[in-house]
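Just so you know, ligand 1 is whichever comes first in the structure, and atom 1 is the first atom listed for that ligand. Hydrogens, waters and symmetry mates are skipped; everything else that's a heavy atom, side chains included, is used. When a residue number appears, it is its place in the shown sequence, counting from 1.
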Amino acid sequence: MITASVHPRQLEPGTWQQELAEAITSLDELAAALDLRPADFAGAHEAGRRFRLRVPRSFVARMRPGDIEDPLLRQVLPVAAELADEAEYVADPVGERSALRAPSLLQKYRGRALLITTPTCAVHCRYCFRREFPYAQQSGDAPRWSEALAAIAADPSLEEIILSGGDPLSLSNARLENLTRALAAIPHVRRIRVHTRQPVVLPSRVDEGLLQWLRTSTRPIVFVLHVNHPNELDAQLAAACAKLRATGITLLNQSVLLAGINDDVAVLSQLSLRLFDAGVLPYYLHALDPVRGAAHFAIADERAQALAGELAAQLPGYLVPRLVREVPGAPAKVALPTTFET
Ligand SMILES: *Cc1c(COP(=O)(O)O)cnc(C)c1O
Ligand code: SF4
């Protein structure tokens with residue numbers, strides 16, 4: 001992912017653009033903010049050279065000071081384990097390079113295609129399967145969108161377009177509006193989906209312009225948020241979710257199952273319950289994509305399936321996310337069968 005280059009002159013104090021520009025990218029600053037010693041971050045400099053540290057201050061504020069094992073910190077802190085080369089962990093774990101229909105447009109599944117709208121994210125998640133995506137060749141400057149839009153218009157089977165990235169909410173409200181207006185002008189595009197982590201790591205992104213865009217869309221919009229741990233869901237995020245819900249959009253969540261972060265039935269159960277309180281339904285729990293540098297987050301399938309079973313035994317069905325894996329070449333995300341203790 002590439003760091004946003006917002007020109008300082010455009011920044012008004014108190015806006016999300018300013019918060020984005022002030023995200024922490026230095027290990028020393030992160031250590032200071034969390035009452036840790038830079039020496040606690042062994043290997044972080046080297047790992048951070050491969051994929052840079054980046055985390056908004058409002059997300060850091062939800063971490064426990066002095067705790068190197070904090071589940072939010074572990075999602076963003078570069079660590080030495082990322083440097084270990086594991087044979088099955090590769091640059092393109094889900095076969096994206098071969099799914100390109102047009103510049104920035106990926107299609108793997110019937111009826112829906114995914115548009116890479118921007119390389120920029122507010123946060124850099126260490127487990128991200130697009131850590132090494134060649135955005136420079138694919139990212140959507142305006143002329144390239146026009147090729148993707150033409151490909152969508154030419155294929156009546158494409159009923160749903162998913163805005164992805166990077167994080168699509170890194171784009172300005174005006175660009176989002178223009179893009180959705182162009183999509184809604186294509187008669188067979190019935191739904192627009194937005195995969196975003198930005199309301200989670202930067203709740204101020206849910207500003208009046210964004211809400212206005214959602215309210216005035218002529219197509220139903222689905223937001224799929226990305227929350228991995230209940231500690232991410234503080235009052236500020238819940239308030240942002242309430243505003244999003246009030247526009248009438250559908251709010252879902254996907255998580256990635258991560259060793260040492262949320263591979264625990266109590267944590268997953270609390271996550272589902274807090275999501276529900278915020279008006280968000282759990283959608284997917286993803287098995288980790290084997291991207292280079294993320295092997296230390298992996299969980300054995302048997303354990304993942306048993307966790308899903310324990311979760312299902314505790315919660316109503318609509319609060320149990322589907323445990324899935326992305327298998328290159330498969331016609332849909334592949335569900336892992338739930339196992340129950342007997
Ligand atoms: C995951 C993904 C989707 C969405 O799949 P759903 O099961 O509909 O959530 C669509 N396109 C691509 C390329 C994907 O990777
Ligand atoms: S997981 Fe999402 S928000 Fe995190 S770095 Fe990857 S694309 Fe960006």
Side-chain angles (χ1 to χ4, degrees), residues 1-4 20 23 25 50-56 59 72 74-78 92-102 104-133 135 138-139 148 152 157-171 191-202 205 222-228 232 250 252-258 261 281-289 291 293-294 297 321-335:
M1 254 108 291
I2 293 168
T3 301
L20 191 64
T25 55
R50 289 204 189 174
F51 184 45
R52 191 171 169 200
L53 165 76
R54 179 169 178 79
V55 56
F59 197 68
L72 277 54
R74 295 199 50 180
Q75 294 179 48
V76 302
L77 180 66
D92 178 17
V94 294
E96 296 212 306
R97 317 288 199 265
S98 56
L100 276 168
R101 291 268 318 256
S104 308
L105 188 70
L106 297 170
Q107 186 181 12
K108 291 186 173 174
Y109 308 139
R110 186 177 303 170
R112 51 219 195 276
L114 185 151
L115 192 59
I116 304 282
T117 57
T118 165
T120 306
C121 290
V123 67
H124 287 180
C125 312
R126 308 314 298 176
Y127 54 83
C128 178
F129 73 99
R130 291 206 185 112
R131 286 175 63 132
E132 299 194 27
F133 191 80
Y135 286 107
Q138 299 305 333
S139 73
I152 296 166
S157 78
L158 291 178
E159 295 200 338
E160 176 168 353
I161 300 303
I162 299 168
L163 308 187
S164 183
D167 196 312
L169 295 198
S170 306
L171 300 175
R191 296 178 303 279
I192 295 168
R193 199 196 308 183
V194 180
H195 280 195
T196 176
R197 188 151 159 74
Q198 216 166 63
V200 179
V201 298
L202 196 75
R205 177 64 188 89
V222 179
F223 263 34
V224 181
L225 301 178
H226 176 174
V227 184
N228 294 316
E232 293 169 51
T250 300
L252 303 173
N253 184 65
Q254 57 182 355
S255 310
V256 180
L257 190 55
L258 297 164
I261 293 172
L281 287 179
Y283 178 43
Y284 281 149
L285 177 59
H286 286 272
L288 182 76
D289 294 315
V291 68
F297 288 123
R322 258 183 297 165
L323 178 64
V324 293
R325 154 164 303 129
E326 183 149 352
V327 177
K333 308 276 189 251
V334 177

Considering only the protein, which heavy-atom contact is closest to [atom], and what is its distance?
atom: atom 14 (C) of ligand 1; value: K333 NZ, 3.2 Å
atom: atom 10 (C) of ligand 1; value: I162 CD1, 3.4 Å
atom: atom 12 (C) of ligand 1; value: L114 CD1, 3.7 Å
atom: atom 7 (O) of ligand 1; value: Y284 OH, 2.6 Å

- Mind checking whether Q107 contacts ligand 1 via backbone (N, CA, C, O), side chain (CB onward), both or neither, at a 4.0 Å heavy-atom cut-off?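 It is neither; nothing of Q107 touches ligand 1.
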Donor-acceptor contact present, side-chain [X] to main-chain [Y], <3.5 Å:
X: N228; Y: V256; answer: yes
X: R54; Y: C121; answer: yes
X: S255; Y: V227; answer: yes

Please determine if [X] and [Y] form a salt bridge, counting it only when a charged side-chain N lies under 4.0 Å from a carboxylate O.
X: E159; Y: R112; answer: no
X: R97; Y: D92; answer: yes
X: E326; Y: K108; answer: yes

- Query: Can a donor-acceptor pair be found between the side chains of R130 and S164 at a distance below 3.5 Å?
  - Reply: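 The criterion, which ignores hydrogens and geometry beyond distance, is satisfied for S164 and R130.
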- Message: Side chains of H124 and R126 only: does a donor on one sit below 3.5 Å from an acceptor on the other?
- Response: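 No, R126 and H124 have no side-chain donor paired with an acceptor closer than 3.5 Å.
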- Atom indices of ligand 1, in the order listed, that fall short of 4.0 Å to a heavy atom of Y283: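 So the answer, numbered in order with elements, is 6 (P), 7 (O), 8 (O), 9 (O).
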- Output the list of atoms in ligand 2 that are nearer than 4.0 Å to some heavy atom of H226, sorted by atom number.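 By the 4.0 Å cutoff, the relevant atoms are 1 (S).
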- Message: I'd like to check which ligand 2 atoms, numbered from 1 as shown, lie under 4.0 Å from a non-hydrogen atom of R197.
- Response: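 So the answer, numbered in order with elements, is 3 (S).
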- Item | N, O or S from H124 under 2.8 Å to atom 6 (Fe) of ligand 2 |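 Within the cut-off used here (under 2.8 Å), H124 places no N, O or S atom near atom 6 (Fe) of ligand 2.
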- Query: So, does E326 sit close enough to ligand 1 that a heavy atom of it is under 4.0 Å from the ligand?
  - Reply: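 Judged by the 4.0 Å heavy-atom criterion, E326 does count as contacting ligand 1.
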- Message: For R193, state whether at least one heavy atom is located under 4.0 Å from any atom of ligand 1.
- Response: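 It does; at least one heavy atom falls under 4.0 Å.
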- Item | N/O/S atom of C121 inside 2.8 Å of atom 8 (Fe) of ligand 2, strictly under |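 It does; at least one qualifying atom falls short of 2.8 Å.
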- May I ask you to check if ligand 1 and E96 share an N or O to N or O distance below 3.5 Å?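 In fact, backbone or side chain, E96 has no N or O that close.
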- Task: Going by the side chain to side chain contact (heavy atoms under 4.5 Å, CB included) test, name the single residue among V194, L202, L163 that passes it with L169.
- Result: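 Going through V194, L202, L163 one by one, the side chain to side chain contact (heavy atoms under 4.5 Å, CB included) with L169 is satisfied by V194 alone.
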- Item | Passing candidate, side chain to side chain contact (heavy atoms under 4.5 Å, CB included) with N253, options V200, L285, L225 |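 For N253, the side chain to side chain contact (heavy atoms under 4.5 Å, CB included) check succeeds only for L225.
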- Message: Is the contact between R130 and ligand 2 made by the side chain, the backbone, both, or neither, using heavy atoms and a 4.0 Å cut-off?
- Response: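 The answer is neither.
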- Query: Can you tell me if V123 has a non-hydrogen atom under 4.0 Å from ligand 2?
  - Reply: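 For ligand 2, residue contact (heavy atoms, under 4.0 Å) with V123 is present.
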